[in-house]
Structures are given as C-alpha cells and as structure tokens.
2 protein chains.
Amino acid sequence: MNLEKSIAALNNPVRRRILEWLKDRTNFPPALPEHADLDGVCVAYIQEKAKLSQSTISNYMGLLKQAGFVVAERHGQWTFYRRDEENIRAFLAAVQNELLKP
Amino acid sequence: MNLEKSIAALNNPVRRRILEWLKDRTNFPPALPEHADLDGVCVAYIQEKAKLSQSTISNYMGLLKQAGFVVAERHGQWTFYRRDEENIRAFLAAVQNELLKP
DNA sequence: TTCATAAATCGAAATATCTCGATATTTAGT
DNA sequence: ACTAAATATCGAGATATTTCGATTTATGAA
C-alpha cells in the first residue's frame, strides 16, 4: 500500500468512475461464455464505457493496479481487471490514519 | 465538500505533512502572547517548517482551505490556519462512500 | 507459420501543477 | 500620511499529467 501512488491514482475523475463501475459487473456487457467464471472486466469493455482511447485506458488500469485498487488476471489475449477490496479498505484505513487526529 | 478539490489538495506530500503538523500546535513555535487564545498557526511558522517559499506556502494554504481541510482566521496582519476537523471527517466519509461497495 | 485480436508500450502535443522571486495588499504602529 | 511586517497575488520556467495515434507484444485460431 503506497499512499502517494494511491492518492495520485484517485486524482482523476475517470479513474474514480472506473473503480465505481467495477463494483458491479452488470455495468458492463455480459462476459463471453468461456469467461463466465471470471468476475473481472476486460480493457475493451472499460474503454467503451469510458469513451477514451485504448492506450489511455490501458495506462489508467496500470495506474490503478500499481496503486493497489485493482488486480489484473490474464486469460488468453484478454486481461481482466477487478477491484481489490481488501487493498481498497487498507487504503481507506491509511488515509484515515493520516488525516484523523490521534 | 468537493471531492475533486480535496483529493487534488491531498495529492502533494508537503500539503499532507502540513495537515499532520496542524494536528498539534506544539509542532510550531509558541504563539505570541496576544495570540495565545487562538489555536491556529500563522503562515510564517508553517513556511519555516516546510522550508518552501512564502508564496508557495500561501498558495498551499489557499488550496487546503478551498478543499475544506483548514479554516483561516485573520487577526491583524496575521492569518491563522487551523484544521477543520468536521470537514476532514466529512471528506473521509465521502471517500469511503465512493470507494466502498454498497 | 501466418493472421487477427486484445492489450501494452512508445513518442508527442496540450494542459496542469509546482515553485520561485517580484509585486501588491492589508493592517499596525509612529 | 508613512513605514514596516505579514500575507496574497502575479508571471514565469521547470516538471508532471493527460490523452492521443502508432507501434509492439502476446495469444489463439486457421
């Protein structure tokens, strides 16, 4: 957990929105049958919803991953991203700890 | 409470450190006798501790104020800044609400 | 092995942030 | 009114972020 990187990753409205979208898989088109068991979302679906270029979204997902907000799982040619709930909670605890008086 | 501005204000290590310093008045030199009743800290004291220029710190305190993390109180030629604990808690609640799953 | 598709990386232009010194503003004291 | 001190604002150069299209890499299928 790196506060610096995490706050920087959150300092962008589209990245924050992606994190919200990822709370619920039904925010995206249904997965292909062969991916039915995964609960992540591929880059193309996120790109479509965010209406930004493929390279931008790939970059964004990399930042969110480095910040610990999402984990990536490769399956064939697809990379599936999903939230890392535990790390998200750890981040919130860290910000609280930094901001709140003892 | 403006999440956008608040996160942007936090996205800087010096500004975060200032917020931490302000948790405890004794992190700064003692106040002048005529300011003994105020629990804020003047810009010059913060500048001295942060080792950045006066204009930079004035700017930073403006950002922290706009973000709602501190309040400013003018007394004569001095501006005293202190944390706005209630707003800080409101910010933390808002980030939690945005980040945490329903 | 060749082709097509998904994603990652690269290079660059536009914009934003950081930080400074210089200047302006506000207020207190003479 | 004049001066001095504290803070705020301005203008600018350096650096970082945003976002793109083009290219590269990885994988699966013909």
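Chain identifiers are assigned alphabetically (A, B, ...) following the order of the sequence lines, protein sequences preceding nucleic acid strands; residue numbering begins at 1 within each chain. Worth knowing before you read on, the calculation uses all heavy atoms, side chains too, and leaves out hydrogens, waters and symmetry mates.
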Legend entry - Of all pairs that satisfy salt bridge (charged side-chain N to carboxylate O under 4.0 Å, His left out), the ones with a partner from residues 2-17 of chain B, not counting sequence neighbours: A:E4-B:R16, A:R16-B:E4, A:E98-B:R16
Legend entry - A:E34: side chain to side chain contact (heavy atoms under 4.5 Å, CB included) partners, not counting sequence neighbours: A:L32
Would you give me the side-chain donor-acceptor pairs under 3.5 Å for residues 44-53 of chain B, sequence neighbours excluded?
from	atom 1	to	atom 2	distance (Å)
B:Y45	OH	B:P30	O	3.2
B:Q47	NE2	B:L52	O	3.4
B:K49	NZ	B:N27	O	3.4
B:S53	OG	B:S55	OG	3.3
B:S53	OG	B:T56	N	3.2
B:S53	OG	B:T56	OG1	2.9

Inset, instruction - Name the residue closer to the 5' end of DNA chain D, choosing between A:K51 and A:H75 according to the nucleotide with the nearest heavy atom. - result: A:K51
Inset, instruction - Would you mind reporting whether A:V95 and B:V95 have side-chain heavy atoms less than 4.5 Å apart? - result: no
Inset, instruction - Report the distance from atom CG of B:N12 to atom P of C:dA16, rounded to the nearest whole Å. - result: 18 Å
Inset, instruction - Quick one: list whatever passes side chain to side chain contact (heavy atoms under 4.5 Å, CB included) with B:A8, sequence neighbours left out. - result: A:N11
Inset, instruction - Please identify each residue that fulfils side-chain hydrogen bond (donor to acceptor under 3.5 Å, both in side chains) with B:D37, with sequence neighbours left out. - result: none
Inset, instruction - May I ask you to list the residues of residues 3-11 of chain A, by number, that have any heavy atom positioned under 4.0 Å from an atom of DNA chain C? - result: none
Legend entry - Interatomic spacing from CG in A:L10 to CG in A:L19 - rounded to 0.5 Å: 6.5 Å
Legend entry - For DNA chain D, the residues among residues 14-26 of chain B that have a non-hydrogen atom under 4.0 Å from it: none
Legend entry - Residues forming a side chain to side chain contact (heavy atoms under 4.5 Å, CB included) with B:E85, sequence neighbours excluded: A:K101, B:R83, B:I88, B:R89
Do any side-chain atoms of residues 63-76 of chain B form donor-acceptor pairs under 3.5 angstrom with protein atoms, and if so which ones, sequence neighbours left out?
from	atom 1	to	atom 2	distance (Å)
B:E73	OE1	B:R82	NH2	3.2
B:E73	OE2	B:H75	NE2	3.0
B:R74	NE	B:T79	OG1	3.3

Legend entry - Nucleotide-resolved protein contact map, nucleotides 5-11 of chain C, B/S/- at heavy-atom distance under 4.0 Å: BSBBB--
Legend entry - Listed partners of B:N87 passing side-chain hydrogen bond (donor to acceptor under 3.5 Å, both in side chains), at least two apart: B:D84
